[in-house]
Amino acid sequence: MSTSLFSSKITGTGSYFPERIVTNEDLTKTLDTTNDWIVERTGIRQRHVSREGDPSEQNSSLACRAAIRALEMAGKKSTDIDMIVYGSVSPDTPVPTSSCWLQQKLGAPQAWGVDVNAACSSWVYGMSMADQYIKTGQVKTALVVGSEVLSRMNNWEDRSSAILFGDGAGAVVVERTSSESPHRILSSHLGMDGNLWELFQVVAGGSNMEVTPEVYAQRLHKMNMKGREIFKVAVKTLADYAVRALEANQMKLSDVDWVIPHQANLRIIEAVAKRLDLPMEKVLVNVDRYGNTSSASVPTMLDEAVRDGRIRPGHTVLFDVFGAGLTFGSMLIRW
Ligand code: UT7
């Protein structure tokens with residue numbers, strides 16, 4: 001039971017994807033793969049890929065377009081934002097932060113901001129942070145973004161990972177509401193296991209290792225993963241974190257209208273649903289059209305389902321994520 005006077009409520013959602021679509025068939029021109037293999041093993045049919053060198057398709061530019069749509073839905077101006085929380089593993093630059101870039105592009109002069117990198121869990125981590133600042137009364141209106149240009153970190157020569165990732169941005173406006181409000185964030189549960197760092201990493205590009213010509217040749221600055229091992233941990237932890245969210249709210253899965261899991265692979269999503277005895281009709285999926293967009297996967301799916309009327313006022317929605325690190329998290333909301 002919350003002791004705060006305040007709770008947080010999502011009042012606007014938005015998303016944006018770069019124009020260029022790369023289909024599985026396109027990938028077969030450079031990779032030893034087939035459309036059938038990719039669809040059967042991942043459920044992915046296409047992904048959107050930003051144009052390198054186009055200022056309108058930088059990470060923060062995608063986020064800016066998503067944010068404008070979220071603000072429009074919320075009936076807010078950019079000058080109303082107190083706090084920006086920007087989830088991403090693929091920032092425009094190491095310094096300054098993506099939240100700084102977004103503040104400048106959006107025109108939100110009084111907002112302060114912070115970047116969150118919990119890989120694919122970043123947006124749920126960021127939502128939880130915004131929720132805490134709102135509950136303590138320090139922030140009234142937050143913008144929480146998940147935005148990625150993974151195409152620049154993708155090893156396009158590695159067929160086991162290149163097929164998975166896509167670019168895109170999702171944003172939500174989160175506002176203060178009464179703790180008694182039925183429409184609010186009900187709970188969040190976050191976790192991680194740093195012992196599993198080897199399952200997914202970008203070895204170079206941080207302060208451990210510069211990107212020298214040798215490092216570049218070995219593609220150590222690109223995403224590298226142990227897919228099969230991640231798959232197993234993902235299924236178990238997604239199921240565990242869904243149960244944690246339900247137990248904390250004395251709910252059963254039948255009380256939940258929609259589950260939005262991290263969109264990494266349709267087979268992971270189906271395996272979690274099976275483990276939980278959750279009908280797939282309640283699970284929202286966009287991985288077929290966008291691939292794995294990391295921190296953007298849940299907010300973009302949320303935006304789609306809010307705009308097409310699947311998510312309606314009073315619905316209970318569960319966000320359930322995992323990512324490199326490994327990181328995990330779930331959040332339950334009442335729309
Ligand atoms: O946000 C978190 C990020 N990562 C993930 O969530 C990844 C989770 N893991 C996965 O999604 C799956 O493990 C993959 C899609 C990456 C791979 O699917 P899989 O069913 O686990 O395949 P596998 O790694 O066990 O490989 C099976 C076979 C191998 O060939 P052999 O050794 O059996 O001859 C691979 O070399 O499939 C081969 N293979 C491919 N074949 C055609 C791997 N990638 C491809 C490909 N096209 N793109």
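Each ligand, and each atom within it, is numbered from 1 in the order the structure gives.
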Give the contacting part of Leu31 toward ligand 1: side chain, backbone, both or neither, where contact means a heavy-atom distance below 4.0 Å.
neither

Go through ligand 1 atom by atom and flag the ones less than 4.0 Å from a non-hydrogen atom of Ser160.
16 (C), 44 (N)

Return the closest protein heavy atom for atom 5 (C) of ligand 1 as residue, atom name and distance.
Ile230 CG2, 3.9 Å

Option nearest atom 17 (C) of ligand 1 (shortest heavy-atom distance, choices Phe165, Trp37, Phe200)
Trp37

Compare Arg159, Lys226, Glu40, Met225 and give the one whose heavy atom is closest to atom 38 (C) of ligand 1.
Arg159

How about atom 20 (O) of ligand 1: does it have a protein heavy atom within less than 4.0 Å?
yes

Nearest non-hydrogen atom to atom 46 (C) of ligand 1 belongs to which of Leu266, Thr33, Leu150?
Thr33

Could you check atom 26 (O) of ligand 1 against the protein and tell me its nearest heavy-atom contact, residue, atom and distance included?
Arg228 NH2, 4.1 Å

May I ask you to decide whether Asp277 forms a salt bridge with Lys274, counting only side-chain N to carboxylate O separations under 4.0 Å?
no

Any protein heavy atom < 4.0 Å from atom 33 (O) of ligand 1
no

Between Arg65 and Glu57, does any NZ, NE, NH1 or NH2 come within less than 4.0 Å of an OD or OE carboxylate oxygen?
no

Salt bridge check, Asp32 against Arg159: does any charged N sit closer than 4.0 Å to a carboxylate O?
yes

Please determine if Glu304 and Arg310 form a salt bridge, counting it only when a charged side-chain N lies under 4.0 Å from a carboxylate O.
yes

Does ligand 1 have any atom sitting under 4.0 Å from a heavy atom of Thr42?
yes

Using distance alone, decide if ligand 1 has a nitrogen or oxygen within less than 3.5 Å of any nitrogen or oxygen in Gly227.
yes

Determine, using ring centers only, whether His189 and Tyr241 are less than 6.0 Å apart.
no

Sub-4.0 Å protein heavy atom next to atom 29 (C) of ligand 1
no

Do any heavy atoms of Cys120 fall under 4.0 Å from ligand 1?
yes

Is Lys140 paired with Glu175 through a side-chain N to carboxylate O contact shorter than 4.0 Å?
no

Atom 44 (N) of ligand 1: protein heavy atom closer than 4.0 Å?
yes

What protein heavy atom lies closest to atom 2 (C) of ligand 1? Include the residue and the distance to one decimal.
Phe322 CE1, 3.7 Å

Short list, please: which atoms of ligand 1 are under 4.0 Å from a heavy atom of Ala264?
6 (O)

Pair Arg267 + Glu40: basic N to acidic O under 4.0 Å
no

Once you round to the nearest 0.5 Å, how far does CD of Glu180 lie from OG1 of Thr177?
10.0 Å

Heavy-atom proximity to atom 12 (C) of ligand 1, best of Asp32, Asn265, Asn24
Asn265

Separation between CD of Glu210 and NE2 of His221, rounded to the nearest 0.5 Å:
13.5 Å

Assess whether a salt bridge exists between Arg244 and Asp240, defined as any Lys/Arg side-chain N lying under 4.0 Å from an Asp/Glu carboxylate O.
no

For atom 27 (C) of ligand 1, which candidate among Arg267, His262, Arg41 provides the closest heavy atom?
Arg41

Do Trp123 and Phe319 have ring centres separated by under 6.0 Å?
yes

